[in-house]
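To keep things clear, I will list the structure first and then write my remarks on it.
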Amino acid sequence: MTENVWTRWPSPEALGRVGVSRPRRLLGWGARILMAAVFLWGAFRSSHVHLWGALAGAVGVVVVTATAWGFFRTTLAHRLVPSLGLFAVLFGVAGAAQAGSLHVPALVIWCACGIVALERLPLAAAMPLTAIALAAFAVADDDRWITTVVTTIGLALAGYVLRLDAEARGNAQRLLAQERAARVAEAESAALGERARIAREIHDVLAHSLSAQLVHLETARLLIERGADRDRILERVVAARGMARDGLDETRQALSALRGELTPLEDFLSQLVAANAGAEVTVSGERRQLPAEASQAVRRVAQEALTNVRKHAPGAKVRLRLDYGEHQVVLDVRDSGGTPGDLAGAGGGYGLLGMRERAELLGGSLEAGPHEEGFAVTLKVPV
């Protein structure tokens with residue numbers, strides 16, 4: 001709903017001092033000092049430097065200053081009745097000054113009242129008050145009528161221009177505050193996103209490492225239950241220890257990757273298949289540097305797929321194919337199938353689900369399911 005322009009107050013930002021340049025503040029103080037000097041000069045001039053006239057002028061300056069300060073505070077707080085009351089006090093001081101033959105101070109007060117009313121009050125209240133103040137000025141002014149008319153119109157325009165200028169400054173301050181709030185919210189969102197990214201990386205590393213350890217430890221348990229010889233059991237325990245060590249190394253690598261310290265993806269896949277007997281990797285397309293998130297997704301999917309092969313089809317041959325397309329990178333992992341191992345039911349089965357969620361966050365996809373020979377995992381990530 002649009003606010004009524006006649007009853008709308010100037011914004012607090014427009015009425016306040018925030019955003020006012022130092023030269024403008026100095027100009028404002030200069031104008032106040034000049035008005036006080038004119039008031040005192042009028043008192044001295046009218047009383048021929050009489051003591052009582054000087055005293056009256058000093059008291060008038062104090063009253064006008066205190067009342068003007070109160071008027072500025074009440075208008076800043078958008079309190080109409082107190083503002084009108086203080087305006088009436090200023091008007092009364094000007095009338096008393098005119099009655100006491102302080103002609104110049106009265107004119108100055110009426111001019112100031114006409115300007116500040118138009119600058120700081122709602123238009124419905126400002127326009128009649130400005131009209132009254134400037135009418136009093138016109139009646140009391142003893143210049144030629146054309147000069148008085150031009151001066152009156154100029155004062156009204158000055159008050160309205162000051163109002164527009166203050167509103168423009170207030171709008172600028174509000175936009176600046178909104179921009180700062182947006183930047184703070186953006187920084188907080190980025191921080192939360194970075195925390196989520198770190199948590200996802202650490203989770204994926206630990207899930208892969210612990211899953212691989214579980215394979216070997218569960219095998220060791222089954223060997224113990226079947227009364228297998230010590231060397232076979234020790235082999236599995238040593239392998240689990242190696243997986244724990246590798247998990248720590250992968251955690252360090254993940255943290256390095258978050259800092260942008262990634263090893264080439266082709267080298268990583270080569271090292272990965274070298275540690276898995278019966279696995280091979282081929283790379284096609286124009287090789288290039290991938291974004292950190294896309295590169296991490298390919299690495300984690302490759303690790304998870306090989307872990308699942310060891311768990312569900314031990315001894316199967318695995319083919320990894322990395323294809324650099326024009327707009328996406330595709331990782332395809334296929335195994336030759338085999339007899340399900342004793343650990344086919346081990347683990348929670350959340351690895352591929354996590355990988356699929358990671359791919360979808362990047363705008364890609366992950367498909368996993370049986371194919372002609374064994375099982376296939378295909379990751380597509382836009383780059």
Side-chain angles (χ1 to χ4, degrees), residues 179 182-212 247 250-273 279 281-309 318-335 347-371 374-383:
E179 182 180 356
R183 288 181 179 179
V184 171
E186 183 179 355
E188 292 177 352
S189 178
L192 291 175
E194 185 65 13
R195 291 173 188 170
R197 179 186 175 193
I198 294 173
R200 188 166 59 249
E201 290 295 335
I202 301 303
H203 168 269
D204 290 345
V205 169
L206 292 178
H208 165 73
S209 174
L210 294 176
S211 178
E250 290 175 9
T251 302
R252 297 189 187 97
Q253 292 175 7
L255 294 176
S256 297
L258 291 172
R259 294 191 295 265
E261 303 170 2
L262 283 171
T263 58
L265 182 56
E266 299 81 11
D267 295 344
F268 175 83
L269 294 179
S270 298
Q271 296 171 5
L272 189 63
V273 299
V281 61
T282 59
V283 181
S284 61
E286 182 181 354
R287 304 186 184 188
R288 59 185 183 276
Q289 185 74 24
L290 299 180
E293 284 283 353
S295 179
Q296 283 295 89
V298 173
R299 295 163 194 254
R300 296 292 168 253
V301 169
Q303 288 178 322
E304 182 64 28
L306 289 178
T307 298
N308 286 340
V309 171
V318 185
R319 296 192 304 273
L320 285 82
R321 182 174 61 84
L322 180 65
D323 178 47
Y324 288 96
E326 183 178 358
H327 301 294
Q328 67 177 2
V329 62
V330 179
L331 174 69
D332 187 74
V333 183
R334 297 173 181 265
D335 64 70
Y350 295 107
L352 289 177
L353 177 61
M355 294 300 101
R356 181 174 288 110
E357 292 176 352
R358 176 193 285 267
E360 291 174 352
L361 285 174
L362 297 175
S365 63
L366 185 139
E367 299 177 357
H371 69 103
F375 198 81
V377 177
T378 303
L379 171 70
K380 298 180 180 178
V381 180
V383 293

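Residue numbers start at 1 and run along the sequence shown.
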To the closest 0.5 Å, what do you measure between OG1 (Thr282) and CZ (Arg319)? 9.0 Å
Heavy atoms only: give me the nearest Asp323-Gly285 pair and the separation to one decimal. OD1-N, 4.2 Å
Distance check, rounded to the nearest 0.5 Å: Glu286 atom CD versus Tyr324 atom OH? 10.5 Å
Rounded to the nearest 0.5 Å, what separation is found between the CZ atom of Arg287 and the CG atom of Leu322? 8.5 Å
Is there a side-chain contact between Leu306 and Leu320 (heavy atoms, below 4.5 Å)? yes
What do the steps show when you test Glu360 against Arg356 for salt bridge (Lys or Arg N to Asp or Glu O under 4.0 Å), and what is the final call? CA-CA 6 Å; Glu360 291 174 352; Arg356 181 174 288 110; 5.1 Å; no
pair Val383-Arg288: side-chain heavy atoms closer than 4.5 Å: yes
Spacing of Glu186 atom CD and Glu179 atom CD [to the nearest 0.5 Å]: 10.5 Å
Smallest heavy-atom separation, Ala368 atom then Val377 atom, equals CB-CG2, 4.1 Å
Between His371 (side chain) and Asp335 (backbone), is there a donor-acceptor pair under 3.5 Å? yes
Result for side chain to side chain contact (heavy atoms under 4.5 Å, CB included) between Thr378 and one of Asp332, Leu331, Val301 points to Asp332
Check: Glu266 main-chain N/O paired with Ser270 side-chain donor or acceptor under 3.5 Å: yes
Starting at CG of Leu379, measure out to CZ of Arg300 and round the result to the nearest 0.5 Å. 13.0 Å
